[in-house]
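All values reported here derive from a predicted model rather than from experimental measurement.
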Amino acid sequence: MGNKRKLFSKHMLLFEFRKVIGNPYVHIFGVGMPILMMVIITRAVVGEMVDQTALPAVKTSIFLGIGAMIPMATIFMGYGVNQAQELEKGIPQRMELFGIRISETLCNRILSEALFMLIAFLLYFIVGYGFVGVELPKVSGALLYAVCILVFSVILFCLAHAIASLLKKFSLTYCVTMLLYFAQMILGGMMGITYDNMPSVLQVAAKMLPVTYINRDFYTVWKGEHYNFVPMLQAYLFMGAVACIALFASVRREMRKLH
């Protein structure tokens, strides 16, 4: 009978979603911080810019770039920390004793994380269009932004799961994910240092991160203009490969323990 259980269920989804919204990190870093930074940075730029004709483009570019913080916080840091905390307490093993498979838990958790991220983006877009004056996109630009954010989120989920599974400690996972979170923000140009102003060594590292291209270049895509996706694609492939290697290492480690 246990094999006939569905991977998705309403009760499990609600259970996992309540755990997500009960995590303070996702509210602080995944909802509040992106909105606050978007408003503050755009207001600061408005006060310093001389050429007001370029203002809508600059504000939209800032809006799109900071939006990448949402999956970085809700998926990467929020999920990673929560997963490590549960592993440290042995919660997945206890749930298996009650007949709840890890695959079932994981599927409902992925859906609950995606649902929370969707709500976070809705709030972010409401504030962006209501108070910042973001430009409307071309349909192709909006779809590409959604696809890029979704793929970025999948990579971050795999990486967060791998880090939590390898470290199995709340404190260590929190430290590593927090460092990587801020490293991506700095190298991606979200902390006031643009790509052009970085030392050459940091530029090499920045080129390997998808967030760099989302923050620096996505306004061109948003408006439906021609854009060379090759460097961005290479960054996605590199980060995806790192996440897959880390995930493979965590799975192999668990398999060794079982045997």
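Annotation: the span from Ser153 atom OG to Met117 atom CE amounts to 3.5 Å, rounded to 0.5 Å. Summarising the geometry, atom CD belonging to Gln83 is positioned 8.5 Å from atom NZ belonging to Lys168; distances are rounded to the nearest 0.5 Å. Rounding to the nearest 0.5 Å gives a distance of 9.5 Å between CG of Leu180 and SG of Cys175. Taken from CG in Leu13 to CD1 in Ile110, the straight-line distance is 12.0 Å, to the nearest 0.5 Å. Of the inter-residue distances, the one linking Leu237 atom CG with Met208 atom CE reads 13.0 Å to the nearest 0.5 angstrom. With rounding to the nearest 0.5 angstrom, the CG atom of Leu36 is 12.0 Å from the CD1 atom of Ile28.
Both Ile214 and Phe229 are assigned to one and the same hydrophobic cluster, defined by single-linkage of ILVMFWY side chains at heavy-atom distances under 4.5 Å. Under the 4.5 Å side-chain heavy-atom criterion for ILVMFWY residues, a single connected hydrophobic cluster contains both Ile41 and Leu64. Under a hydrophobic clustering in which Ile, Leu, Val, Met, Phe, Trp and Tyr are joined whenever their side-chain heavy atoms come within less than 4.5 Å, directly or via other members, Leu136 and Phe131 fall into the same cluster. Both Met38 and Leu55 belong to a common hydrophobic cluster when Ile, Leu, Val, Met, Phe, Trp and Tyr are linked at side-chain heavy-atom distances under 4.5 angstrom. Under the 4.5 Å side-chain contact rule for hydrophobic residues, Val134 and Val139 do not share a cluster.
No donor-acceptor distance shorter than 3.5 angstrom exists from the side chain of Thr212 to the backbone of Lys207, with no hydrogens or angles considered. One N or O on the side chain of Glu135 and one on the backbone of Ala57 form a donor-acceptor pair closer than 3.5 Å. Under a 3.5 Å cut-off, the side chain of Lys59 and the backbone N or O of Val132 do form a donor-acceptor pair. Looking only at distances, no side-chain donor or acceptor of Tyr236 sits under 3.5 Å from a matching main-chain atom of Ile155. At distances below 3.5 Å, at least one donor-acceptor pair connects side-chain atoms of His27 with backbone N or O atoms of Ile21. Distance alone, capped at 3.5 Å, places no donor-acceptor pair between the Trp222 side chain and the Asp217 backbone. A donor-acceptor pair under 3.5 Å is formed between the side chain of Gln203 and the backbone N or O of Tyr195.
Between Phe121 and Phe125, the two ring planes are tilted [angle within 30° to 60°]. Classification of the Phe17-Phe116 ring pair by plane angle, with boundaries at 30° and 60°, yields tilted. Relative ring orientation between Tyr174 and Phe170 is described as parallel, the plane-to-plane angle staying below 30° on a 0-90° scale split at 30° and 60°.
With sequence neighbours left out, Tyr213 forms a side-chain hydrogen bond (donor to acceptor under 3.5 Å, both in side chains) with no residue at all. Partners of Phe238 by ring-ring contact (aromatic ring centres under 6.0 Å, His included), not counting sequence neighbours: none found. By the ring-ring contact (aromatic ring centres under 6.0 Å, His included) test, Phe218 pairs with Tyr145, sequence neighbours left out. With sequence neighbours excluded, the residues satisfying side-chain hydrogen bond (donor to acceptor under 3.5 Å, both in side chains) with Thr194 are Asn197. Contacts of Lys19 classified as side chain to side chain contact (heavy atoms under 4.5 Å, CB included), with partners at least two apart in sequence or in another chain: Phe15, Glu16, Glu86, Arg109.
Minimum heavy-atom separation, Met198 to Gly189: CE-N, 4.1 Å. The two residues Ala205 and Leu187 come nearest to each other via the heavy atoms CB-CD1, 4.0 Å. Across every non-hydrogen atom of Gly30 and Ala120, the tightest pair is O-CB, 4.2 Å. Across Asn215 and Ser61, no two heavy atoms sit closer than the pair O-OG, 3.7 Å.
Under a cut-off of 6.0 angstrom, the local environment of OH in Tyr129 is crowded, with over 12 non-hydrogen atoms contributed by other residues, nucleotides or ligands. With a 6.0 Å radius and a threshold of 12 heavy atoms from other residues, nucleotides or ligands, Leu144 has its CG atom above the threshold.
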Side chain to side chain contact (heavy atoms under 4.5 Å, CB included) between Leu159 and Ile163, worked out: CA-CA 6 Å; Leu159 189 57; Ile163 291 170; 4.1 Å; yes

Check against side chain to side chain contact (heavy atoms under 4.5 Å, CB included), Met178 and Phe29: CA-CA 10 Å; Met178 179 69 82; Phe29 295 102; 3.9 Å; yes

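Residues Arg18 and Ser112 are not in side-chain contact: their nearest non-hydrogen atoms beyond the backbone lie 4.5 Å or more apart. Using a 4.5 Å heavy-atom threshold, the side chains of Phe157 and Leu106 count as touching. Taking 4.5 Å as the limit, some side-chain heavy atom of Leu156 sits within range of a side-chain heavy atom of Gln184. Counting only heavy atoms from C-beta outward, the side chains of Val26 and Val31 never approach each other to under 4.5 Å. Between Lys169 and Gln85 there is no side-chain heavy-atom pair separated by less than 4.5 Å.
Of the candidates Leu167, Leu166, Ile245, Ser250 forms a side chain to side chain contact (heavy atoms under 4.5 Å, CB included) with just one, namely Leu166.
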In residues 65-77, what donor-acceptor pairs under 3.5 Å come from side-chain atoms, sequence neighbours left out?
{"unit_1": "Thr74", "atom_1": "OG1", "unit_2": "Ile70", "atom_2": "O", "d": "2.7"}

